[in-house]
Amino acid sequence: CEQEQFTEGILFEDTDWTPRMLVKAQRVAGTETMAYNYLWRESGITLSKGIAKLYKELDDKIALASRLKMWGDSAWYRGMISALVVSIINVLSHELYNDREKYIGQLRNANLFPLKVDRLNSKTRRKVRLINLSPALAVWMLHIKNR
C-alpha cells in the first residue's frame with residue numbers, strides 16, 4: 001500500500017512514516033531493545049550541510065507538523081508537533097534569523113499555535129510556553145542568547 005512507504009524526497013522520512021504506521025497498528029508495545037540503526041554516509045542527506053538544506057528542513061518540518069495535526073489529536077501527535085515547531089524556532093534563531101517572519105507566518109497559517117506541552121521535557125516546555133506567548137519574541141531571545 002502506498003501509505004506504508006516512506007515519502008520520497010523529504011527529510012526526516014521516519015518521523016513522517018512512524019505516525020502513519022502507529023495509527024494503523026492494532027497494538028503497540030515498548031521494549032528496552034535498541035532496534036533502530038542509522039546508516040551514515042558522507043554523501044547522505046543527514047550529514048550534508050548548507051543553506052538549501054536548512055530551507056528544505058524547515059519546509060519539510062512545517063509540512064509534517066501540518067500532517068500530524070490532521071492525523072490526530074493524541075498527546076503523542078501534540079508532543080511531536082510541539083517538538084517540530086521548537087526545532088524550527090531554533091533553526092530560525094540560529095541560522096535563518098532574517099527569514100523568521102516568513103516561517104512564523106507559515107506556522108500561523110498552518111494553525112499550529114498554541115503548542116501543547118504533552119510529553120516534553122522541562123526545558124522544551126519552557127520554550128513552548130515562550131513560543132506560545134510570541135513566536136517572534138522566542139526567535140529573538142534565542143538569537144540574542146546565542147550571539
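Since this is a predicted model, take the numbers as computed values, not measurements.
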Any non-hydrogen side-chain atom of [X] less than 4.5 Å from a side-chain atom of [Y]?
X: P135; Y: L107; result: no
X: Y77; Y: M80; result: no
X: K127; Y: L120; result: no
X: L54; Y: L58; result: no
X: V139; Y: Y103; result: no

Has the side chain of [X] got a donor or acceptor atom that lies under 3.5 Å from a matching backbone atom of [Y]?
X: N121; Y: T124; value: yes
X: K69; Y: N111; value: yes
X: R78; Y: D73; value: yes

Practice item. Give the cluster check for L68 versus V28: same hydrophobic cluster or not, with ILVMFWY residues linked at side-chain heavy-atom distances below 4.5 Å. Key: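 Both belong to a single hydrophobic cluster.
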Review point. Can you hop from I51 to V91 via hydrophobic side chains spaced under 4.5 Å?
Key: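 They do share one cluster, since a chain of ILVMFWY contacts under 4.5 Å joins I51 to V91.
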Looking only at non-hydrogen atoms, find the nearest pair between [X] and [Y] and report the distance.
X: L115; Y: S82; answer: CB-OG, 3.5 Å
X: R119; Y: W76; answer: NE-N, 4.0 Å
X: E95; Y: N90; answer: OE1-O, 4.4 Å
X: D118; Y: A75; answer: CB-O, 3.6 Å

Drop me the distance from [X]'s [atom1] to [Y]'s [atom2], to the nearest 0.5 angstrom.
X: R67; Y: D60; atom1: CZ; atom2: CG; value: 8.0 Å
X: L112; Y: I104; atom1: CG; atom2: CD1; value: 12.5 Å
X: I10; Y: W17; atom1: CD1; atom2: CH2; value: 13.0 Å
X: E57; Y: L96; atom1: CD; atom2: CG; value: 9.0 Å
X: Y97; Y: I144; atom1: OH; atom2: CD1; value: 6.0 Å
X: I131; Y: M141; atom1: CD1; atom2: CE; value: 11.5 Å

Check your understanding: After noting the C-alpha distance and the side-chain angles of I81 and K116, does the key distance pass the side-chain contact (heavy atoms from CB on, under 4.5 Å) rule?
Key -> CA-CA 8 Å; I81 291 166; K116 306 298 183 200; over 6 Å; no
